[in-house]
Amino acid sequence: MRDAYHEELDSISEGLVEMARLVGSAIGRATTAILDADLKLAENVIAADEKVDDLQRDLEARAIALLARQQPVATDLRIVVTSLRMSADLERSGDLAQHVAKLARLRFPERAVPRDLHATILEMGQLAQRLMAKAGEVIITKDVDLALQLEQDDDAMDLLHRTLFQHLMDDRWKHGIETAVDVTLLGRYYERFADHAVSVAKRVVYLVTGEHADEIAPPTGVEGA
């Protein structure tokens, strides 16, 4: 029975990794859809979010069942509770990728992103995908140093987000109010997506150490970077 219990814990972890893979792929494909005004791809991203939602509901049901049946304590309790929180972070990440795709669909056949901002949005999308891939790796490896690095990596997303606002506030902005709103929303979606990836990594730190990430010194070579 104990072996079955730990197999179930491992299965929950595998489900989290699959969720991270799906939402990472979704934000990458949504970025392509928004930049290329690709309606078919946008629709695919929107529809695929249902699988992420199903996984989240399944993980939640299994975690609650474990709590009820096994009444875990100490480390095992941390695993179950932290897994519930990570699944919520990942589900919200999927929603954000879906929001990007829905904006692409809303503006089709026009492009929501002006040509002079394509490079910035592309970089934000690629960075979001990399951050989520790293979060998935952290779930697998339980590597605390790698988890702590994600917050440092997220600084690049914050910088890109500020770059977008600099364009919006520039007196030379010529793309109108509607496009300004679209770009503002996109910037927020990518920033929040990255925040959720960092949150997942922080939860792994807590799972492994019992300490919150903010209470642990950053990895050697990262401090002051």
Side-chain angles (χ1 to χ4, degrees), residues 16-58 87-136 153-154 156-200:
L16 291 170
V17 173
E18 176 65 5
M19 287 183 73
R21 185 191 68 80
L22 289 172
V23 300
S25 173
I27 198 67
R29 291 182 295 124
T31 300
T32 300
I34 198 80
L35 293 178
D36 295 349
D38 188 329
L39 179 60
K40 183 177 180 181
L41 184 58
E43 294 283 12
N44 287 341
V45 172
I46 293 165
D49 188 57
E50 183 63 28
K51 185 173 182 180
V52 175
D53 293 342
D54 288 343
L55 270 172
Q56 198 267 341
R57 286 190 289 266
D58 178 63
S87 72
D89 277 315
L90 293 167
E91 189 274 333
R92 292 185 191 114
S93 299
D95 289 345
L96 290 163
Q98 188 183 57
H99 291 339
V100 174
K102 284 183 175 179
L103 185 56
R105 182 176 67 180
L106 178 66
R107 298 303 176 211
F108 182 83
E110 302 300 324
R111 295 172 188 258
V113 179
R115 179 62 61 183
D116 54 333
L117 290 180
H118 269 219
T120 302
I121 294 297
L122 176 61
E123 191 172 353
M124 293 181 86
Q126 291 174 338
L127 178 57
Q129 195 167 5
R130 289 197 303 273
L131 286 168
M132 190 55 72
K134 189 175 282 189
D153 296 339
D154 184 47
M157 184 66 82
D158 294 336
L159 179 59
L160 288 167
H161 195 209
R162 288 195 294 271
T163 298
L164 278 185
F165 271 99
Q166 288 169 0
H167 281 280
L168 291 169
M169 300 302 292
D170 195 311
D171 291 338
R172 293 169 295 178
W173 177 263
K174 59 182 184 297
H175 304 294
I177 294 175
E178 184 178 85
T179 300
V181 171
D182 289 347
V183 170
T184 300
L185 288 172
L186 282 173
R188 182 61 174 160
Y189 296 154
Y190 287 114
E191 183 204 28
R192 290 298 298 142
F193 188 98
D195 286 346
H196 284 303
V198 171
S199 179
V200 167

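All residue numbers in this chain count up from 1 along the given sequence. These numbers come from the heavy atoms of this one structure, side chains and all, not from hydrogens, waters or symmetry mates.
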Please determine whether side chain to side chain contact (heavy atoms under 4.5 Å, CB included) holds for the pair Thr179 and Trp173, giving the CA-CA distance in whole Å, both sets of side-chain angles, and the decisive distance to 0.1 Å. CA-CA 10 Å; Thr179 300; Trp173 177 263; 4.0 Å; yes
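- Here the shortest heavy-atom pairing between Ile27 and Ala128 reads CG1-CB, 4.1 Å.
- For Arg192, the salt bridge (charged side-chain N to carboxylate O under 4.0 Å, His left out) partners are Asp195, not counting sequence neighbours.
- You'll find the side chain of Gln56 stays beyond 4.5 Å of the side chain of Val52, heavy atoms only.
- Here Arg57 pairs with Glu50 in a salt bridge; the nearest charged N to carboxylate O distance falls below 4.0 Å.
- Nearest heavy-atom pair across Gln129 and Ser25 is NE2-CA, 4.1 Å.
- Note that CG of Leu35 and NE2 of His118 are 5.0 Å apart. Values are rounded to the nearest 0.5 Å.
- Here Leu106 contributes atom CG and Leu39 contributes atom CG; the two are 11.0 Å apart, rounded to the nearest 0.5 Å.
- Put simply, the side chain of Arg29 reaches to within 4.5 Å of the side chain of Asn44, judged on heavy atoms.
- Glu110 contributes atom CD, which lies 11.5 Å from atom CG of Asp182 (distance to the nearest 0.5 angstrom).
- Side-chain atoms of Arg111 and Ile34, non-hydrogen and from C-beta on, never get closer than 4.5 Å to each other.
- No side-chain heavy atom of Leu186 sits under 4.5 Å from any side-chain heavy atom of Met124.
- In this structure the side chain of Val198 never reaches within 4.5 angstrom of the side chain of Asp153, judged on heavy atoms.
- At a threshold of 4.5 Å between non-hydrogen side-chain atoms, the residues Leu96 and Tyr190 do not count as touching.
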Check step by step if side chain to side chain contact (heavy atoms under 4.5 Å, CB included) holds for Asp116 and His175.
CA-CA 10 Å; Asp116 54 333; His175 304 294; 3.2 Å; yes
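- The stretch residues 87-97 participates, sequence neighbours left out, in these salt bridge (Lys or Arg N to Asp or Glu O under 4.0 Å) pairs: Asp89-Arg203.
- For the pair Leu90 and His196, the minimum side-chain heavy-atom distance is 4.5 Å or more.
- For CD of Glu18, the number of neighbouring non-hydrogen atoms (other residues, nucleotides, ligands) closer than 6.0 Å is greater than 12.
- Separation of atoms NE2 (His167) and CZ (Arg172) is listed at 9.0 Å; rounding is to 0.5 Å.
- Two residues are said to be in side-chain contact when any heavy atoms from C-beta on lie closer than 4.5 Å; Leu160 and Thr120 meet this criterion.
- Between the CE atom of Met19 and the NZ atom of Lys51 there is a distance of 11.5 Å, given to the nearest 0.5 Å.
- Rounding to the nearest 0.5 angstrom, the gap separating the CG atom in Leu55 from the CG atom in Leu16 is 9.5 Å.
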- Task: Before giving the answer on side chain to side chain contact (heavy atoms under 4.5 Å, CB included), spell out for Asp58 and Asp54 the whole-Å C-alpha distance, their side-chain angles and the decisive distance to 0.1 Å.
- Result: CA-CA 6 Å; Asp58 178 63; Asp54 288 343; over 6 Å; no
Can you list the steps and then say if Val17 with Arg21 is a side chain to side chain contact (heavy atoms under 4.5 Å, CB included)?
CA-CA 6 Å; Val17 173; Arg21 185 191 68 80; 5.6 Å; no
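- Closest non-hydrogen pair, Ala37 versus Pro109, comes out as CB-O, 4.0 Å.
- Between Glu43 and Lys40 there is no salt bridge, since no side-chain N of the basic residue sits under 4.0 Å from a carboxylate O of the acidic one.
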